[in-house]
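One structure below.
The chains referred to below are lettered A, B, ... by the order of the sequence lines, with proteins before strands, and numbering in each begins at 1.
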Number of protein chains: 2
Amino acid sequence: MTLKELSDLLGLSPTTVSRALNGYPEVSEATRKRVAAAAREHGYAPNTRARSLATGRAMAIGHVIPISAKHEMVNPVFGDFIAGAGEVYSRNGYDMLLSVVPDADEEAAYRSFLTKRNVDGIILHAPTLTDPRIPLLNALGLPFVVHGRSSEMDAPYAWVDVNNTRAFQRATEFLLDLGHRRIALVNGLEHMDFAIRRRAGYEAALTARGIAPDADLMFAGEMTEAQGHDITRGLLAQPHPPTAILVSSMISAIGVRRGIEEMGLRMGRDVSLITHDDELSYFRNGADIPVYTATRSSVREAGRKAARMLVDIIEGKDTPRDILLEADLTLGRSTGPAAPLRMETG
Amino acid sequence: MTLKELSDLLGLSPTTVSRALNGYPEVSEATRKRVAAAAREHGYAPNTRARSLATGRAMAIGHVIPISAKHEMVNPVFGDFIAGAGEVYSRNGYDMLLSVVPDADEEAAYRSFLTKRNVDGIILHAPTLTDPRIPLLNALGLPFVVHGRSSEMDAPYAWVDVNNTRAFQRATEFLLDLGHRRIALVNGLEHMDFAIRRRAGYEAALTARGIAPDADLMFAGEMTEAQGHDITRGLLAQPHPPTAILVSSMISAIGVRRGIEEMGLRMGRDVSLITHDDELSYFRNGADIPVYTATRSSVREAGRKAARMLVDIIEGKDTPRDILLEADLTLGRSTGPAAPLRMETG
DNA sequence: TTGAAAGCGATACCAC
DNA sequence: GTGGTATCGCTTTCAA
């Protein structure tokens with residue numbers, strides 16, 4: 001069913017039917033009702049391509065998911081972010097275009113979005129400390145919102161981020177409060193902005209208590225099961241192993257747990273663990289003090305916020321240009337008795 | 001830069017330029033070279049929307065990601081599947097359209113793809129035992145490939161699946177070989193086809209050894225951290241707890257591990273664990289016998305295969321209509337000494 | 001309040 | 001081997 005067919009059916013011109021359906025004011029209420037009814041009855045929906053050819057708007061938003069050429073693994077938080085963004089898009093009539101590219105080909109992907117004109121804007125994922133994609137997109141004139149920040153980039157850009165620094169600072173403080181002194185950090189690759197911030201939070205907490213960050217306890221790498229596993233085995237084989245481990249990713253944490261198990265150690269007694277984006281990562285001590293890190297639900301919320309921001313920018317609406325989400329674990333779900341992250345005092 | 005502008009520049013007609021760019025045979029080699037050079041130089045790329053309006057083909061493929069209305073969680077395997085599919089699409093000039101919808105609205109999403117005509121085909125995710133979307137898509141006449149199967153559906157359809165039955169049968173046999181007799185199953189929701197198959201494999205292995213499947217050890221639910229956690233705490237509090245747990249999902253397994261830790265038990269001694277889609281899930285006994293389950297890499301491979309199949313179907317090429325992948329853990333990565341999944345004999 | 005007609009940017013048929 | 005032109009389905013200006 002096309003607009004023309006529908007209008008023939010109604011004995012109206014395509015013009016009028018189009019106006020009725022798109023809420024133009026000059027159509028009489030009676031006509032509008034009649035048109036809407038017929039459209040519904042015959043299951044009419046405008047052809048997206050024809051519409052966007054006519055309007056010059058694609059009604060689609062692009063997400064470029066960079067995947068590591070080495071490990072070919074997709075960070076699972078993308079799934080949650082995208083789910084959040086998708087909600088907002090569908091409510092606003094936008095499609096979501098996903099482009100999965102090896103990290104090297106990213107620039108080509110953006111240019112292709114521009115030249116093919118199939119998106120009205122894009123969401124930038126996984127920004128580095130000084131991300132070259134930001135000036136690129138600014139130069140291309142394609143509206144965009146960054147999921148995360150690019151701290152050393154001075155060009156202005158819109159962003160949505162969780163407070164990584166604070167999350168890791170709080171988590172570290174919490175472990176310190178329990179009496180831990182040797183706390184390891186299993187982090188993402190440190191050209192990533194989020195990883196830098198996480199380490200900064202971790203170091204700030206240590207330093208504030210007069211503990212010098214120990215390079216032997218700090219690790220950065222791609223967040224895979226194998227990474228967590230290998231690092232943990234190495235750590236726990238040291239003469240002075242850490243008593244607690246702070247892990248940047250749910251996936252790495254799987255490996256960390258495996259490593260601890262393989263060494264025959266017991267969680268919460270021999271070693272304690274805080275994971276950043278695990279939905280179950282609520283850790284409480286006896287006094288019910290929450291630790292702040294990001295859960296998968298909060299990533300989803302970030303997706304919603306970023307999509308909202310981008311849609312507003314595209315449509316010329318007034319909108320804040322940056323949002324910092326406090327990823328508060330009190331949002332997390334708490335079932336049954338909590339595991340103590342205790343420090344052995346014996 | 002549009003086709004018209006480019007052709008004016010070259011002193012040719014848009015027709016000729018279009019033909020040159022699209023590899024039509026009647027263009028002279030000289031012209032083709034000249035056109036290609038000019039196109040490259042001026043960064044010309046055809047407007048996707050105009051092209052697909054003219055050809056009637058969208059050059060895009062839709063994925064509908066259903067999210068549970070209750071938990072709002074996205075199964076992380078989608079990320080891996082989509083990464084695999086994305087590779088194939090971009091190599092073949094297709095875009096990927098993602099539609100994230102609450103499971104209730106799925107049918108509307110398909111119809112909307114059809115009426116808006118913005119995809120040439122779709123990938124169906126997470127099929128149930130008799131999935132109503134299959135006859136729906138058949139009726140709509142939209143080409144599709146199912147990621148998984150719908151066992152009790154008799155209509156023909158194309159699919160790509162991992163061998164869930166065999167994976168769980170092998171994993172169970174492996175635990176039985178180690179001496180385990182009380183093996184729990186933490187499964188996905190059992191209206192899902194994959195969950196039914198996994199249970200079937202598990203039960204087949206038990207039955208073959210003369211062990212009657214015990215309903216008290218079998219659980220089905222949404223695969224979240226909380227699910228694994230809650231079930232595990234319940235299981236381990238029983239008078240006769242299982243000595244091993246077979247878990248359908250990496251995410252549930254995070255909760256299972258938490259549960260085991262919280263009960264103060266030791267992995268591999270008090271309880272053993274096999275997880276289905278964890279990249280580190282290579283488990284070996286002393287004799288280096290691999291256990292077959294699906295890793296994230298194999299899901300990615302499934303994504304590639306499904307995309308390839310769908311593209312071939314859309315383009316009218318000859319292609320197999322079903323592929324069963326053996327998800328072989330020997331594909332998995334093996335670092336360091338493996339953890340024994342031993343059975344205590346004391 | 002409604003309609004006719006000109007694009008939007010490509011492809012494809014038909015002449016030459 | 002090349003070019004003119006209708007066409008895809010819609011929006012939008014201009015007239016009525």
Side-chain angles (χ1 to χ4, degrees), chain A residues 1-36 38-39 42-60 93-95 112-120 315, chain B residues 1-36 38-39 42-60 93-95 112-120 315:
Chain A
M1 169 79 27
T2 70
L3 186 65
K4 173 125 189 23
E5 289 167 4
L6 186 63
S7 61
D8 286 350
L9 225 64
L10 285 161
L12 288 168
S13 75
T15 313
T16 304
V17 175
S18 167
R19 283 197 276 237
L21 257 21
N22 290 303
Y24 281 61
E26 60 265 52
V27 180
S28 80
E29 212 36 57
T31 311
R32 188 187 306 284
K33 280 220 169 60
R34 205 157 65 89
V35 170
H42 297 91
Y44 168 80
N47 179 315
T48 323
R49 291 156 354 217
R51 162 182 275 171
S52 63
L53 186 58
T55 57
R57 304 207 16 219
M59 292 311 286
Y94 285 83
D95 287 326
S112 133
F113 272 152
L114 189 78
T115 52
K116 290 162 68 186
R117 301 186 180 287
N118 51 6
V119 303
D120 297 317
E315 298 182 349
Chain B
M1 170 79 28
T2 69
L3 186 65
K4 174 126 190 23
E5 288 166 4
L6 186 63
S7 61
D8 285 351
L9 225 64
L10 285 160
L12 288 169
S13 76
T15 312
T16 303
V17 176
S18 168
R19 282 197 277 237
L21 259 20
N22 290 303
Y24 281 62
E26 59 265 51
V27 181
S28 80
E29 213 35 57
T31 312
R32 189 189 306 285
K33 282 219 166 59
R34 206 158 64 87
V35 170
H42 296 90
Y44 168 79
N47 180 314
T48 322
R49 287 152 2 214
R51 162 182 274 174
S52 64
L53 186 57
T55 57
R57 302 201 24 213
M59 292 312 285
Y94 286 83
D95 288 326
S112 135
F113 271 151
L114 189 79
T115 51
K116 289 162 69 185
R117 303 189 178 283
N118 49 8
V119 301
D120 298 317
E315 298 183 348

query = Taking side chain as C-beta onward, heavy atoms only, is A:R57 less than 4.5 Å from A:Y94?
reply = yes
request  = Check for a donor-acceptor pair, side chain of B:S18 on one end and backbone N or O of B:P14 on the other, with a separation under 3.5 Å.
outcome  = no
A:T15 and A:R19, any side-chain heavy atoms less than 4.5 Å apart = yes
query = Once you round it to whole Å, what is the distance between P of D:dG3 and CG of B:D8?
reply = 11 Å
query = Side chains of A:N118 and B:M59: does their closest heavy-atom pair fall under 4.5 Å?
reply = no
Inter-residue atom distance A:D120.CG - A:T55.OG1, 0.5 Å rounding = 8.0 Å
inquiry  = What's the angle between the local helix axes at either end of the helix from C:dT1-D:dA16 to C:dC16-D:dG1, using five pairs per end and rounding to 10 degrees?
reply    = 40°
message = If you compare every side-chain N and O of B:S13 against the phosphate oxygens of D:dG3 (OP1, OP2), does one of them come in below 4.0 Å?
response = yes
task = Using whole Å, report how far CZ of B:R57 lies from P of C:dT11.
result = 12 Å
query = Can you find a pair of side-chain heavy atoms, one from A:Y44 and one from A:V17, that are under 4.5 Å apart?
reply = no
ask   = Looking for any heavy atom pair under 4.0 Å, which part of the strands does A:T31 touch: base, sugar-phosphate only, or nothing?
value = sugar-phosphate
message = Nearest whole Å is fine: how far is C:dG9 C1' from B:M59 CE?
response = 17 Å
remark   = From CG of A:L10 across to P of C:dT2 the rounded distance in Å is 12 Å
query = Quick one: OG on B:S7 to CG on B:L21, what's the gap to the nearest 0.5 Å?
reply = 11.0 Å
message = Rounded at 0.5 Å granularity, tell me how far CZ in B:R51 sits from CG in A:L53.
response = 13.5 Å
ask   = Looking for any heavy atom pair under 4.0 Å, which part of the strands does A:S52 touch: base, sugar-phosphate only, or nothing?
value = nothing
ask   = With the sugar-phosphate defined as primed atoms, P, OP1 and OP2, and the base as all remaining atoms, what B/S/- string results for nucleotides 8-16 of chain D, 5' to 3', for protein heavy atoms under 4.0 Å?
value = BBBBBB---
task = Provide, to the nearest angstrom, the distance between the CD atom belonging to B:E29 and the P atom belonging to D:dT2.
result = 11 Å
key: For A:D8, side chain to side chain donor-acceptor pair (under 3.5 Å) partners two or more places apart   = A:K4
